Amino acid sequence: MIVLFPALAAMVIAQSSVMVDDFESISQWKATPSDGVTLNLSQDNGAHGKAIRLDFDFHGHGGYAVIHRDVKLSLPANYEFSFSIRGPAPVNNLEFKLVDPTGDNVWWSNTTGFVFPADWKTVTRKKRQIGFAWGPLGGGDMKNVAGIEFAITAGTGGTGTVWIDDLQLTPLEPDGPYTLTPNVTATSTAVGHEPAKAIDSNSATSWRSTTSTSQSLDIDFLKRREFGGLVLDWERGHRPSMYSVMSSIDGKRWTPLYATGGNKTGRDYLYLPESDARYLRVTSPGTSSRYIGLSE
């Protein structure tokens, strides 16, 4: 059996994403660093086309390096922002901020100890991850955005370069329980042990491969959903010694979530916080037994 631990709630994309800024021009962005911090903006090659480049130097002390752009956005009831980021930079705090039309009220997502990736990585900030930061309103939901800011605040400090690209806003359906029946397929299937039996909540049934060679089990949830963990119950004696788990939103680009080797337990608890996908894939290079068997 495969059991998903839901996160706060299930969710799916309701509409197409809106490109807030593709950074083919950076003329609308302004650098506003704190005193004693140097921040230079330029345009460079991006994940797609061009990107904005931030070269910063904290000069051995604290502070922040902020870029700001005026926008005019009306936020849906549920949403997420996403952007691509990379850069050779020390571990610092990464802040994503939304400013209301008064300029006095700010909502933010503050990731302390952010490790800047060497290669392009998509970072997503959902509505529930963007909380009220400060201002006379004192709280509530952000509805109209007049300004967007990215801030690198001193954790380690130091000097570094960061590139940002593809800032998008995606409307989402309201949070709610998952009620669909996933579609499950596999590279091979033994008679009477169809892939769907790995998620039928019956430990007496199972999916079995026809051989011990490389195999994959794919789950299509039919819509994007959130989950925080995964439990796999293997048939006794038919657990692969090595396997990996990957996820995908579109079925084309896959993100590694977990990999193991040498474990012989019958049940695996996989801690996968903040996972968000439509597709899951469990794949193994093979097993020493006659077949791979996944009960629940």
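A quick note: this is a predicted structure, and the numbers were derived from the prediction, not measured.
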Legend entry - salt bridge (Lys or Arg N to Asp or Glu O under 4.0 Å): pairs with one or both residues in residues 100-112, sequence neighbours excluded: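 Listed once each, the pairs would be none.
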Thinking salt bridges, do [X] and [Y] make one under a 4.0 Å N-O criterion?
X      : Y      : answer
Arg69  : Glu149 : no
Glu235 : Lys197 : no
Asp250 : Arg278 : no
Asp55  : Arg53  : yes
Asp165 : Arg86  : no

Donor-acceptor pair between [X] and [Y] side chains, under 3.5 angstrom:
X      : Y      : answer
Ser74  : Asn144 : yes
Asn93  : Thr112 : no
Ser295 : Ser206 : no
Asp141 : Trp107 : no

Legend entry - Geometric class of the His238/Tyr291 ring pair [parallel <30°, tilted 30-60°, perpendicular >60°]: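 Taking His238 first and then Tyr291, their aromatic rings lie parallel (interplane angle under 30°).
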Inset, instruction - Could you label the plane-to-plane angle of the Tyr178 and Phe221 rings as parallel, tilted or perpendicular, counting under 30° as parallel and over 60° as perpendicular? - result: perpendicular
Legend entry - Non-neighbouring partners of Thr111 that pass side-chain hydrogen bond (donor to acceptor under 3.5 Å, both in side chains), sequence neighbours left out: Arg125
Inset, instruction - Please identify each residue that fulfils side-chain contact (heavy atoms from CB on, under 4.5 Å) with Thr283, with sequence neighbours left out. - result: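 In terms of side-chain contact (heavy atoms from CB on, under 4.5 Å), with neighbours along the sequence ignored, Thr283 is linked to Ser216, Ser244, Met246, Arg281.
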